[in-house]
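Below is one structure, written out as structure tokens, with a few remarks after it.
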Amino acid sequence: MIMKKINNKVDELINILNNDSRIKRLYELKVELNNDKSLMSKIESLKNLDQYSTKYKDIKLDLFKNPKFVEYKELENEINILILEINQKLKTLTDERGCHHAGN
């Protein structure tokens, strides 16, 4: 019974998140950024560079001059923090000592 209630609440939460303006904006920005060939080329080039190299740092600085990239990264961080908080709350709800979930 309790697992059904938790599942219903998780479904409600997913619905709320799917309609959240931050998440919608993150998706929009992702599409825009993925369509920017120059930006994507810079991001790809980072994968092959030493993160302590001057070239790596220069590319990162250049990426953060792009306001859409900055907005995307800020939203991504906000949403990741929200996900961590949700996961912690779910863990406390589902981590019942001595409770056996047989039949749920």
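Residues: numbered from 1 along the sequence shown.
Closest of all the heavy-atom pairs between Ile23 and Leu17 is CD1-O, 3.2 Å.
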Taking only distance into account, with no hydrogens and no angle test, what donor-acceptor pairs under 3.5 Å do side-chain atoms of residues 65-72 form with protein atoms, sequence neighbours excluded?
| residue | atom | partner | partner atom | Å |
| --- | --- | --- | --- | --- |
| Asn66 | OD1 | Lys68 | N | 2.9 |
| Asn66 | OD1 | Phe69 | N | 3.2 |
| Lys68 | NZ | Glu32 | OE1 | 2.5 |
| Glu71 | OE1 | Arg25 | NH2 | 3.1 |
| Glu71 | OE2 | Arg25 | NE | 3.0 |

Acceptor/donor pairs from residues 51-64 side chains to any protein atom, 3.5 angstrom cut, sequence neighbours excluded:
| residue | atom | partner | partner atom | Å |
| --- | --- | --- | --- | --- |
| Ser53 | OG | Asp50 | O | 2.8 |
| Ser53 | OG | Tyr56 | N | 3.1 |
| Asp62 | OD2 | Lys42 | NZ | 2.4 |

- Could you walk me through whether Lys24 and Asn18 pass the side-chain contact (heavy atoms from CB on, under 4.5 Å) check? CA-CA 7 Å; Lys24 287 181 177 184; Asn18 283 335; over 6 Å; no
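Scored by the side chain to side chain donor-acceptor pair (under 3.5 Å) test, Asn15 finds Asn19 as partners (sequence neighbours excluded). Qualifying salt bridge (charged side-chain N to carboxylate O under 4.0 Å, His left out) partners for Lys5, counting only residues two or more places apart in sequence or in other chains: none.
Listed by first and then second residue, the ring-ring contact (aromatic ring centres under 6.0 Å, His included) pairs that reach into residues 2-34 come to none, sequence neighbours excluded. Applying the side chain to side chain donor-acceptor pair (under 3.5 Å) test to every pair with at least one member in residues 76-90, sequence neighbours left out, gives these pairs: Lys73-Glu76.
Residues Ile14 and Ile83 fall within the same hydrophobic cluster, defined by Ile, Leu, Val, Met, Phe, Trp and Tyr side chains chained together at heavy-atom separations under 4.5 Å. Hydrophobic cluster membership differs between Leu39 and Val31, with clusters built from Ile, Leu, Val, Met, Phe, Trp and Tyr side chains linked at under 4.5 angstrom.
Between Ile86 atom CD1 and Ile79 atom CD1 the span is 10.0 Å, to the nearest 0.5 Å. The distance from atom CG of Asn8 to atom CG of Leu13, rounded to the nearest 0.5 Å, is 12.5 Å. A distance of 8.5 Å separates CD1 of Ile43 from CG of Asp36, quoted to the nearest 0.5 Å.
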